[in-house]
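A short worksheet on the structure shown next.
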Amino acid sequence: MVVIVASRFDEEAQALLVRWAADGAALLTCEDLSTAGWVHQPNHLDSSMAVVSGKVIPTPEIAGVLVRRHWISHEELTYVAAADREYVAAEMNAFLLCWLAALRCPVINPSTTTCLSGPLWTEQQWVHAAAGVGMRVRSLQVRASTRAPAGIWRDATGAIEEVTVLDQNCFGTSHELMFAQAKLLAAVSRARLLSMRFIVGDGAPIFLSANPFPRLTEDEVLDALRGALLRERTTEVGRRAERVL
Amino acid sequence: MILLWGPANDAPLNSVRAALARLGTPLMVLDQEKGLEAKIDLTVDSELHGTLKVAGREVALADIGAVYIRPQGTRRAASMEVAGRESSPGSGALLFESTLACWTELTPALVVTRFSAMGSNGSKPLQSSLIRDSGFDVPETLVTTDKAAALAFWKRHGQVIYKSVSGVRSIVARLSVDHLERLDDIANCPTQFQEYVDGTDVRVHVIGDEVFGCEIESISDDYRYAKPRDSSVRLRTYAVPSRLAGMCCAVTTSLDLLVAGIDFRRRRDGRWCCFEVNSSPAFTFFETSGRQEMADGLARLLTAHRR
């Protein structure tokens, strides 16, 4: 079974359910976290139970997990008493972090302690990291005051090309340098799935932005993603080590 | 220059401020409580350039050698995201905070503690697994929405406690028959249960390569909330065994921390059970010597990196 952790309002996730129906794809929503049946003991993973699309299943039956959300927002918990929503959302997110980290199957993107799926970096962090792996970047300037309007400035005009990295594969470009640098940035950020936008023209491409939540519409990306989710299991300790770094 | 960032009425922040003053270390205090006018101008490419201005005093960010952060809780998670860009003073304040937080993630300065490193406190069972990977015993834990599983866990361990899964502070309490009627409610949200560990509470603080121990005598399940029910909470200095001290330093490093407050219970048979590693400990509560040793230790750590 392939599990997609997403909101029930996520249309791309709904499309993936149809596309991967033969793999038993199912949606794990916040409503599932408010359903009796979850049993998670960190030291007894083989006997853990999960609730996916309203059904209780043994956690070891999950072949792979695609996570398509930063966090569960309290605003989505409309079925919870208003006064309790923020607390319940925090508890659900904390539980998902623990559960995802413990899974022995492929998880894309792996969670970090600050996000359910991949690094939750600011634009400044992406630009700094991109420069660090040798990409051309344009300086990003932020001026902010506690008592005045604020602004972010960057000269970012030109034709834009988007590339997507999944593990060691790169989609959307035949530009050798862009390909190599995109893989490097994905590796540095520890994101298995990452899209990047570049300004292209004369000379080397200029890094513009990165997104661990790319639009999943291209057949070749989707097929590669399915393959990655159904690959062999990882070790428990190895998975957790990724959380800390 | 050392930057202190947090509410000025925060006891650890004040204690470090006083300790830095005793050392004569130049510092700048960014007080979240007073809402002073503060500005940041940050330019990022392969390097970081910019200035920070607080109450009319401006410093180059490159001149800040160390930072001590004791943030107000509400901004913790939000500050890690790029704020909205609406041109209003409110969005300016949010962007100021997120930009400064971003700078603390990127700067080569010593930062106690980066927001990203505080993250493991956001999920107690995840952190418990990381602690176990470092070689410590941790309590048997169950997170469940299933009443039958909770009852079976209770039966297996005899006594169990429940507490929040997230970093939201909650009073640790023992499960009792009074809870049975409400146990159906756990279907609404994953709830954490742990075996009850009998013994003596010990808090170990790691500050750089220094280790400070404190033994807590209390009859409460959660001594932090003992008052006023239990006025008999007593703290005393505890000499941390060298092997345990080494493990404490190692787990602190493994969690990408320089400073930590580690909660233990020493079981009656002498074995140690580790509950949690606090990434931004309120260490002043545990200063038992009357000499502000931990504040001085932290001030020395920060001062060693001043520019």
Side-chain angles (χ1 to χ4, degrees), chain A residues 33-43 49 51 56 70-71 80 84 86-88 90-99 101-102 112-115 120-125 127-128 131-132 137-152 236-237 240-241 243-245, chain B residues 35-46 48 77 80-83 85 87-89 91-93 95-99 102-103 105-106 115-116 119-120 122-126 128-130 132-133 140-147 149 164-168 187-191 254-256:
Chain A
L33 293 165
S34 293
T35 302
W38 283 95
V39 179
H40 180 68
Q41 283 191 262
N43 294 348
M49 304 296 287
V51 180
V56 180
H70 297 92
W71 294 116
V80 175
D84 295 334
E86 286 201 20
Y87 176 77
V88 172
E91 294 290 284
M92 287 178 169
N93 287 317
F95 172 66
L96 275 180
L97 279 182
C98 161
W99 183 74
T112 62
T113 54
T114 53
C115 183
L120 187 63
W121 283 0
T122 61
E123 283 183 76
Q124 295 97 312
Q125 285 173 288
V127 166
H128 196 59
V137 299
R138 293 216 172 125
S139 296
L140 181 63
Q141 185 179 18
V142 186
R143 276 186 196 152
S145 163
T146 53
R147 290 187 181 170
I152 299 177
E236 178 191 345
V237 172
R240 275 209 298 277
R243 301 295 165 285
V244 189
L245 298 167
Chain B
L36 293 172
E37 180 161 14
K39 294 178 182 175
I40 187 166
D41 187 340
L42 175 66
T43 300
V44 178
D45 39 46
S46 61
L48 303 172
M80 297 308 299
E81 292 193 72
V82 173
R85 298 173 193 202
S87 213
S88 70
S91 66
L95 187 59
F96 169 82
E97 203 161 302
S98 66
T99 304
C102 175
W103 173 78
E105 293 292 319
L106 297 173
F115 290 92
S116 56
S120 75
S123 174
K124 291 189 177 87
L126 171 60
S128 184
S129 297
L130 297 170
R132 184 163 57 96
D133 291 346
E140 278 287 318
T141 298
L142 167 71
V143 188
T144 187
T145 58
D146 191 286
K147 181 182 178 180
S164 63
V165 186
S166 69
V168 175
N188 296 315
C189 181
T191 302
S254 78
L255 294 174
D256 205 18

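Sequence lines set the chain letters: A, B, ... in the order given, protein chains first and strands last, and positions in each chain run from 1. Basis for what follows: all heavy atoms, side chains included, without hydrogens, waters or symmetry-related copies.
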**Q.** Residue A:Val137 versus chain B: region with a heavy atom under 4.5 Å
**A.** side chain
Q) Taking only residues two or more places apart in sequence, or in another chain, which ones meet B:Ser120 in a side-chain contact (heavy atoms from CB on, under 4.5 Å)? A) A:Thr113, B:Gln127, B:Leu130, B:Leu255
Q. Mind checking whether A:Met49 and B:Asp146 have side chains closer than 4.5 Å, heavy atoms only?
A. no
Q: Sequence neighbours left out, what passes side-chain contact (heavy atoms from CB on, under 4.5 Å) with A:Ala36? Give chain and number order.
A: B:Ala187
Q | Exam field: side chain B:Thr145 to backbone A:Thr35, donor-acceptor pair closer than 3.5 Å | A | yes
Q. Would a 4.5 Å heavy-atom cut-off, applied to side chains only, mark A:Gln125 and B:Cys102 as touching?
A. yes
Q: May I ask you to test the B:Asn188-A:Val80 pair for a side-chain heavy-atom distance under 4.5 Å?
A: no
Q. How close do A:Gln41 and B:Thr141 get, heavy atom to heavy atom, and via which atoms?
A. CG-O, 3.4 Å
Q) Quick one: are B:Thr144 and A:His40 in side-chain contact, heavy atoms under 4.5 Å? A) no
(Q) Within the structure provided, determine whether A:Phe95 and B:Pro125 are in side-chain contact (heavy-atom separation under 4.5 Å). (A) no
Q. Are the side chains of A:Leu140 and B:Asp45 in touch, meaning some heavy atoms are under 4.5 Å apart?
A. no
(Q) Is the shortest side-chain heavy-atom distance between B:Val168 and A:Glu86 below 4.5 Å? (A) no
Q: Please round to the nearest 0.5 Å and tell me the distance separating atom CZ of A:Arg143 and atom CG of B:Asp41.
A: 4.5 Å
Q. Taking the side chain from A:Ser139 and the backbone from B:Thr43, do they hold a donor-acceptor pair closer than 3.5 Å?
A. no
**Q.** Spatial distance of atom CD (A:Glu91) from atom NZ (B:Lys124) [nearest 0.5 Å]
**A.** 7.0 Å
Q: With rounding to the nearest 0.5 Å, note down the distance linking OG in A:Ser145 to CD1 in B:Ile40.
A: 11.0 Å
(Q) Counting C-beta onward and ignoring hydrogens, is there a side-chain heavy-atom pair between A:Gln141 and B:Leu42 closer than 4.5 Å? (A) no
